[in-house]
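The analysis underlying the following values was restricted to heavy atoms, covering all of them including side chains, and did not include hydrogens, waters or symmetry mates. All chains are named by letter (A, B, ...) in the order of the sequence lines, taking the proteins before the strands, and each is independently numbered beginning at 1.
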Number of protein chains: 2
Amino acid sequence: MSWLDEIKWDEKGLVPVIAQDKDSGRVLMFAYANREAVALTAEKNTAHYWTRSRQKLWHKGEESGHFQKVSAIQFDCDGDVLIYQIEQVGGIACHTGRKSCFFRTLINQEWQITDEVIKDPADIYTHGHAHP
Amino acid sequence: MSWLDEIKWDEKGLVPVIAQDKDSGRVLMFAYANREAVALTAEKNTAHYWTRSRQKLWHKGEESGHFQKVSAIQFDCDGDVLIYQIEQVGGIACHTGRKSCFFRTLINQEWQITDEVIKDPADIYTHGHAHP
């Protein structure tokens, strides 16, 4: 049996994936992957996902250049969530031009922005908007 | 508008939550929360979830004693995922008695256990199995 068969895919054939900076531990992104995406990630050591909005395989960085080098894949006790331990090329994981997609923090009952924009998205996505 | 209204709840009224050790950055758990669980978490600074298998509000630690003190709640760009930054009481988040639920790593095309059991689950759940 392949290690891929041990993953409990949801009713859409997807598994949630947490992308974590392998050095800082910062959680950079959360997305979903299908079997093909996880297999390609393990084979090529670069993060692949399934975009639910565009309904296609998504090689992260294919439009932005912000690829994610994957050094390890972790698996939870229930077998239905993965972590990609990554090095984020360009230091920007979020389509807003920030390091992490988790750039808002609940402070005084409001979501306050606690991360700066590193690069204007207009300068990242020169061939159209690539966010899923 | 409440900050809770900004969360994009899924079709079941849930939001995925990543529980992360606020100091080490280790991802300890992944679960879901409904509106009541998130509201209680913010109000009481102790992690609440919704267990999908038991279909009820879940105050993490209510049976194991392994509560999670929440120091911050973070929110992603799409508004549909949360991170609870936590201090894990007892140092054990997983129902298997390990620090983290993500205790398996893909090595040589196999899921290998890379985290030790800290405490026998039989000694944790003295009143029956409490894992969702």
Are A/Tyr84 and A/Phe75 joined in one hydrophobic group, where the rule is that I, L, V, M, F, W and Y side chains link up if heavy atoms are under 4.5 Å apart? yes
Measure distances from A/Gln109 to the heavy atoms of chain B and classify the residue's part below 4.5 Å as side chain, backbone, both or neither. both
If we define contacts as heavy-atom pairs under 4.5 Å, which of A/Thr114, A/Val27, A/Asp21, A/Leu4 has the most with chain B? A/Val27
Around atom CD of A/Glu116, are there more than 12 heavy atoms of other residues, nucleotides or ligands at under 6.0 Å? no
Same cluster or not: are A/Trp50 and A/Ile83 linked, directly or through other Ile, Leu, Val, Met, Phe, Trp or Tyr residues, by side-chain heavy atoms under 4.5 angstrom apart? yes
Relative to chain B, which segment of A/Phe30 carries a heavy atom at a distance below 4.5 Å: side chain, backbone, both, or neither? side chain
Looking at CG of B/Leu28 and CG of A/Asp76, how far apart are the two atoms once the value is rounded to the nearest 0.5 Å? 12.5 Å
Is A/Ile18 close to chain B through its backbone or its side chain, or both, or neither, when contacts mean heavy atoms under 4.5 Å? side chain
May I ask whether B/Val38 and B/Ile86 are part of the same hydrophobic cluster, defined by side-chain heavy atoms of I, L, V, M, F, W, Y residues being less than 4.5 angstrom apart, directly or through others? yes
Got a second to check how far B/Cys77's SG is from A/Ile113's CD1, nearest 0.5 Å? 11.0 Å
Would B/Tyr49 end up clustered with B/Val15 when hydrophobic side chains under 4.5 Å apart are linked, directly or stepwise? yes
Look at atom NZ of B/Lys44 and say whether more than 12 heavy atoms of other residues, nucleotides or ligands are closer to it than 6.0 Å. no
If the plane angle is over 60° it's perpendicular, under 30° parallel, otherwise tilted; pick one for B/Trp3 and A/Trp111. perpendicular
Measure from the side-chain N and O atoms of B/Arg104 to the backbone N and O of A/Gln74, and report whether any donor-acceptor pair falls under 3.5 Å. no
Kindly compute the distance separating CD (A/Gln85) from CG (B/Leu106), expressed to the nearest 0.5 Å. 13.0 Å
Answer with side chain, backbone, both or neither: which region of A/Ile7 has an atom nearer than 4.5 Å to a non-hydrogen atom of chain B? side chain
Hydrophobic cluster membership, with links at side-chain heavy-atom distances under 4.5 Å among I/L/V/M/F/W/Y: are A/Ile73 and A/Val17 in one? yes
Just give me the residue among A/Leu82, A/Ile107, A/Thr105, A/Val81 that pairs up with chain B most often, heavy atom to heavy atom, under 4.5 Å. A/Val81
